[in-house]
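First up is the structure itself, then whatever we jot down about it.
Remember, it's a predicted structure, so these values are computed and weren't measured experimentally.
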Amino acid sequence: QVQLVESGGGLVQAGGSLRLSCAASGGAASTRAMGWFRRAPGQVREFVAAINWKGEITEYADSVKGRFTISRDNAKNTVFLLMNSLKPEDTAVYSCAARPFHTSRSVISYSDWGQGTQVTVSS
């Protein structure tokens, strides 16, 4: 089991940037692929980005491709989501999640979840 704690959310103006962090702990943290998901008001949770356990492979939702960057620092067991050119439609609770080794876009394939951090983008 991996424990995940997100941070870095907040209120930003459209066009601004924000970097989210997800600190992972537990013995299996270094072998986990990590994903970022978001739930906007009135919407279901959706995939945002994922990175495999070595940081070699990344995936992005089409809606954020070119604007968001996922990365990880395995020495610190931390995953980041750099969000640039933020839009009001990016407003959501962002959660990080963990699964073994390989990336996935499927919410149900992730076993461990953080509590989420609120990102609000004003126009």
Side-chain angles (χ1 to χ4, degrees):
Q1 191 171 13
V2 177
Q3 295 78 47
L4 306 172
V5 180
E6 302 98 333
S7 62
L11 174 64
V12 297
Q13 194 77 18
S17 297
L18 207 59
R19 190 180 75 159
L20 306 182
S21 299
C22 176
S25 60
S30 63
T31 64
R32 291 298 193 264
M34 300 296 300
W36 285 97
F37 295 80
R38 67 187 183 187
R39 187 193 297 271
Q43 304 294 319
V44 299
R45 197 191 315 272
E46 66 173 349
F47 170 78
V48 176
I51 187 166
N52 81 331
W53 71 296
K54 290 186 175 181
E56 301 167 321
I57 301 171
T58 57
E59 297 184 63
Y60 297 93
D62 288 343
S63 60
V64 307
K65 194 172 298 181
R67 298 190 297 123
F68 291 10
T69 303
I70 188 171
S71 62
R72 68 190 301 163
D73 183 345
N74 284 349
K76 297 181 179 181
N77 284 330
T78 303
V79 178
F80 305 97
L81 184 68
L82 176 61
M83 303 181 293
N84 293 323
S85 301
L86 283 163
K87 306 173 181 179
E89 51 262 46
D90 294 319
T91 294
V93 175
Y94 285 72
S95 300
C96 65
R99 70 181 309 279
F101 299 106
H102 309 301
T103 59
S104 173
R105 295 171 178 261
S106 175
V107 170
I108 62 173
S109 73
Y110 289 80
S111 57
D112 299 311
W113 292 81
Q115 66 179 2
T117 185
Q118 176 71 46
V119 173
T120 303
V121 184
S122 61
S123 59

Open item on the list: For Val2 versus Ala24, what's the shortest heavy-atom pair and its separation?
Closed with: CG1-CB, 3.9 Å

- [ ] Could you grab the distance from atom OG of Ser71 to atom CZ of Arg19, nearest 0.5 Å is fine?
- [x] 7.0 Å

Task: Aromatic ring pairing Trp53/Phe101, orientation class (parallel under 30°, perpendicular over 60°, tilted between) - done: perpendicular

Task: Interatomic distance, Ser25 atom OG to Gln1 atom CD [nearest 0.5 angstrom] - done: 9.5 Å

TODO: Return yes if some donor-acceptor pair links the side-chain N/O of Glu6 with the main-chain N/O of Gln115 below 3.5 Å, else return no.
DONE: yes

TODO: Any chance you could measure Arg39, atom CZ, to Glu46, atom CD, to the nearest 0.5 Å?
DONE: 10.5 Å

Open item on the list: I need the Phe68 CZ to Thr58 OG1 distance, nearest 0.5 Å.
Closed with: 14.5 Å

Open item on the list: Count I, L, V, M, F, W, Y as connected when their side-chain heavy atoms are under 4.5 Å apart, and connections chain through other members. Are Val12 and Leu20 then in the same cluster?
Closed with: yes

Task: Check: Ser104 main-chain N/O paired with Tyr110 side-chain donor or acceptor under 3.5 Å - done: yes

Open item on the list: Students often mix this up, so state it plainly: with edges at 30° and 60°, are the rings of Phe37 and Phe47 parallel, tilted or perpendicular?
Closed with: perpendicular

Open item on the list: Taking Arg99's backbone N and O only, do any of them form a donor-acceptor pair with Ser111's side chain (distance below 3.5 Å, no angle check)?
Closed with: no

Open item on the list: Under a 3.5 Å distance rule, please check whether Asn52 uses its side chain to pair with a backbone N or O of Ile57 as donor and acceptor.
Closed with: yes

Open item on the list: For residues Val93 and Leu81: do they belong to one hydrophobic cluster (side chain heavy atoms under 4.5 Å, members Ile, Leu, Val, Met, Phe, Trp, Tyr)?
Closed with: no

TODO: For the residue pair Ile70 and Val79, establish whether any side-chain heavy-atom pair is separated by less than 4.5 Å.
DONE: yes

Open item on the list: Nearest 0.5 Å, please: how far is OG1 in Thr78 from CE in Met34?
Closed with: 9.5 Å

Open item on the list: Under the criterion side chain to side chain contact (heavy atoms under 4.5 Å, CB included), I'd like the reasoning laid out for Trp36 against Met83: C-alpha separation, chi angles, the key distance, then a yes or no.
Closed with: CA-CA 12 Å; Trp36 285 97; Met83 303 181 293; over 6 Å; no

Task: Check against side chain to side chain donor-acceptor pair (under 3.5 Å), Asn84 and Ser17 - done: CA-CA 4 Å; Asn84 293 323; Ser17 297; 2.7 Å; yes

Task: ring pair (Phe, Tyr, Trp, His ring centres under 6.0 Å) against Tyr60, all qualifying residues, sequence neighbours excluded - done: none

Task: Spatial distance of atom NE2 (His102) from atom NZ (Lys54) [nearest 0.5 Å] - done: 10.0 Å

Open item on the list: Quick test of your reading: applying salt bridge (Lys or Arg N to Asp or Glu O under 4.0 Å), list the pairs with at least one residue in residues 67-89, sequence neighbours left out, ordered by first then second residue.
Closed with: Arg67-Asp90

Task: Beyond-backbone contact of Asn77 with Ser30, side-chain heavy atoms, under 4.5 angstrom - done: yes

Task: same_hphob_cluster(Leu18, Phe80) at 4.5 Å side-chain heavy-atom cutoff - done: no

Open item on the list: If I compare all heavy atoms of Ser95 with all of Arg45, which pair ends up nearest, and what's the gap?
Closed with: OG-NH1, 4.0 Å

Task: Minimum heavy-atom distance between Ala92 and Gln118, given as atom pair plus value - done: O-NE2, 3.5 Å

Open item on the list: Ignoring hydrogens, what is the shortest heavy-atom contact between Ser123 and Gln13? Give both atom names and the distance.
Closed with: O-NE2, 3.1 Å

